[in-house]
Amino acid sequence: MTARPGGGAVKAGPGVATAKRAQADSRGAGPGAADPGGAATAGLLAELDELTGRWRLGAAGGLDPAGLTAEQALRLAMRLSTRLGTDVRVPDVLAGGSLPELVGRAATGAPGGSAGVPVPLSHGQQRFLLDETLAPGQDDNHVVLAYLLSGPLDPEALAAAYGDLVARHPILRTVHYWDGERGPLQRVLPPDRERSPLTGPLPAPTADRPTTSGPAARRPVARRPADVAAELCAGWWDQPFDLEGRPPLRARLARLGPDSWLLCLSMHHIVFDGRSELILLKDLGTAYAARAAGQEPGWPAVPGYHHYAQWEHDLVERWADRDLPFWRELLDAHPLPPLLPAPPLADQAKRHEHEIVLDARTVGELSAAVRTRGAVPLASVLYGTARALGRVFGADRLNLATIASGRFESVFNPVIGCFVNPVVLPFDAVRDGRPEERVEETARLTLRALRHARTPYDRLVRSLRPGAGRLPLYEVMVALQAPLEAGSFGGTDVAVEPVRVRAPRASAPLIVEVEPQPEGGWAVAARWREDVVDERAGREVVSELANLLTGLRAR
């Protein structure tokens, strides 16, 4: 349901039961309807034969697990999971036997996370749950997003589309908790549009009102969408999520004018990462277009994030056996001296930031120059940050962290969730050498590191920094964000434009980010705790980085 300003309600659209029946019909079989020797199995065999030509399937449906790559085994497990409405694990696939037998075991076995049975948290989620337990409500773990919607928006259709989005992605209706015997777990709740409603349409915060009457009255001042969004979302920063009691998701819609709206979303990082925002916008737009036309979205089923978490749980030790020798050789030489002062005991402090925007022409020339040397733009940002930190803080050796997307298998590309994993890179003699050559070195190092980025960061830390009192592997995070483009909302006459809402506080000492702009430029920014980095140093880091990037363009 969607609340009206006057206390009434707007129905969220056609019933969910119809959509569930249609989805079950499209899958061809439900959890209790498998027929290992019949049409459903034949349909699955045909799907899998089309999916890849490398399955070893005999006339009787025999499956040879030795003939499957890890990704093929995962795709088979995900395809069976979505078709049968249960959770098939990769070890089930690798156990071999005939495919009809596997279908039968999956259909008659215990339902998985999508049916409400707890599954383990991913390692990334475990870090966030621990953070939230020790220091609830940290702004760095809290995602607040806003979008300006312009045009003939139908708020009832948007409310229905929001419900469709939450039903499609189980992570948006998942609770996370500690179990005394089994450790950290997550449990998916059934879709309930009243439990996670899109509240609104609400009136936006009012602009300045006239203070006198008559001709001299001061007229209301038009306000920027970013200012209105900041005010609408301000209270969310001080409302920690109850991860055990409710899914960490909030949404509200505010009306700015006759054809202007702000959609604001708030969620915890335990269910969301940067790539997830692209998926959210695409799926929400698709659902809105369908609902505005009086239909239900006709999208195919996708895996849930809990499938990824279970898959990681099953395979993490295998990944560690392959990855940890690489990281020990790369990072475990000897601890580095601290780059920044140790943060005070406070969990977080006031956040400061500085930003320099490079125009589209500069970014285009920079990207072309970097690629001609066999590198990628991220390598220029990483080395530029290392060089800037070396100059500002007088360091010669330091470690930086960047982010691996974590979606190493394409089957998880359309899934919302927390996939990101920190990747730590060492830099020596950061103030020396020609920038072009150092960027090439950084590109090679980054590619090598990303090939070993499956092992979760906390597993890496336990291996390289056992015990307490050891220095952290890195102090500064660097991120080149994915671009968010303004455009049509789901192909309708409504336009959507991202509106950034900045966090008021920070727990991380220093983060360097490059955010692509809609017109093709880059916003080069640093965000820091005021009790760790002073204003002069923060601004100098941004200026040094921007100067290096601009210089690379011209060489």
Side-chain angles (χ1 to χ4, degrees), residues 16 19-20 23-24 26-27 29-31 71 73-93 106-107 109-126 128-129 162-177 184-193 195-196 243 246-249 267-273 275-280 282-284 286-287 297 299-316 405-420:
V16 180
K20 286 184 177 178
Q23 186 181 55
S26 70
R27 287 199 297 254
E71 183 170 2
L74 176 65
R75 288 182 180 180
L76 175 54
M78 294 302 97
R79 185 64 60 93
L80 290 170
S81 296
T82 55
R83 280 290 300 267
L84 299 174
T86 186
D87 287 350
V88 179
R89 297 170 55 184
V90 171
D92 297 331
V93 173
S114 57
V117 175
V119 299
L121 265 64
S122 71
H123 282 251
Q125 289 181 307
Q126 291 178 32
F128 283 121
L129 183 60
Y162 176 76
D164 295 329
L165 176 78
V166 175
R168 176 172 173 77
H169 293 282
I171 191 64
L172 300 180
R173 43 189 170 85
T174 296
V175 293
H176 310 79
Y177 58 96
L185 299 174
Q186 57 189 313
R187 181 169 58 87
V188 178
L189 304 181
D192 182 349
R193 294 175 185 246
R195 181 179 56 236
S196 300
L243 297 180
R246 294 180 60 86
L249 176 66
M267 60 207 77
H268 197 282
H269 255 311
I270 201 169
V271 302
F272 205 78
D273 60 15
R275 176 71 177 270
S276 294
E277 186 175 3
L278 303 176
I279 302 167
L280 181 149
K282 179 178 180 295
D283 285 358
L284 186 60
T286 297
W299 44 33
V302 296
Y305 180 82
H306 60 281
H307 289 120
Y308 168 80
Q310 183 67 66
W311 177 64
E312 181 197 85
H313 180 268
D314 292 338
L315 297 181
V316 65
S405 71
R407 290 176 170 84
F408 295 103
E409 276 66 37
S410 59
V411 70
F412 294 122
N413 284 346
V415 178
I416 289 177
C418 175
F419 292 88
V420 293

Inset, instruction - Could you walk me through whether L165 and L172 pass side chain to side chain contact (heavy atoms under 4.5 Å, CB included), step by step? - result: CA-CA 8 Å; L165 176 78; L172 300 180; 4.1 Å; yes
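- Under the ring-ring contact (aromatic ring centres under 6.0 Å, His included) criterion, Y305 pairs with Y308, F419, sequence neighbours left out.
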Legend entry - Residue pair V188, H306: steps toward the side chain to side chain contact (heavy atoms under 4.5 Å, CB included) verdict: CA-CA 8 Å; V188 178; H306 60 281; 3.9 Å; yes
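- Residues satisfying the side chain to side chain contact (heavy atoms under 4.5 Å, CB included) test with R246, not counting sequence neighbours, are R195.
- Put simply, the side chain of L185 does not reach to within 4.5 Å of the side chain of V119, judged on heavy atoms.
- In this structure, R187 contributes its side chain and V117 its backbone to no donor-acceptor pair below 3.5 Å.
- In this structure a side-chain-to-backbone donor-acceptor pair under 3.5 Å is present from H307 to G304.
- Side-chain N or O atoms of H268 include one that pairs as donor or acceptor with a backbone N or O of I270 at under 3.5 Å.
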Inset, instruction - Please lay out, stage by stage, how D164 and R193 fare under the test side chain to side chain contact (heavy atoms under 4.5 Å, CB included). - result: CA-CA 9 Å; D164 295 329; R193 294 175 185 246; 2.7 Å; yes
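- In this structure, R168 pairs ionically with D283, as a charged nitrogen and a carboxylate oxygen lie closer than 4.0 Å.
- Shown here for R173 and A167, the closest heavy-atom pair between the two residues is NH2-O, 2.8 Å.
- Listed here is the closest heavy atom pair of F128 and C418: CE1-SG, 3.5 Å.
- Minimum heavy-atom separation, Q125 to L121: OE1-CA, 3.6 Å.
- Heavy-atom minimum distance, V415 versus P303: CG2-O, 3.5 Å.
- Under the 3.5 Å distance criterion, the side-chain polar atoms of Q186 are left unmatched by any main-chain donor or acceptor of P118.
- Side-chain atoms of H269 come within 3.5 Å of backbone N or O of F272 as a donor-acceptor pair.
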Legend entry - Worked verdict on V166 versus L249 for side chain to side chain contact (heavy atoms under 4.5 Å, CB included): CA-CA 10 Å; V166 175; L249 176 66; 3.8 Å; yes
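- Side-chain contact between P184 and Q126: present, with at least one pair of heavy atoms (C-beta onward) separated by less than 4.5 Å.
- Here the closest non-hydrogen pair linking E312 and H123 is OE1-N, 2.8 Å.
- With hydrogens and angles left out, the side-chain atoms of N413 and S410 include no donor and acceptor closer than 3.5 Å.
- Residues L129 and H176 come closest through the heavy atom pair CD1-O, 4.2 Å.
- Using modelled atom types, no side-chain atom of Q310 and backbone atom of P120 make a donor-acceptor pair closer than 3.5 Å.
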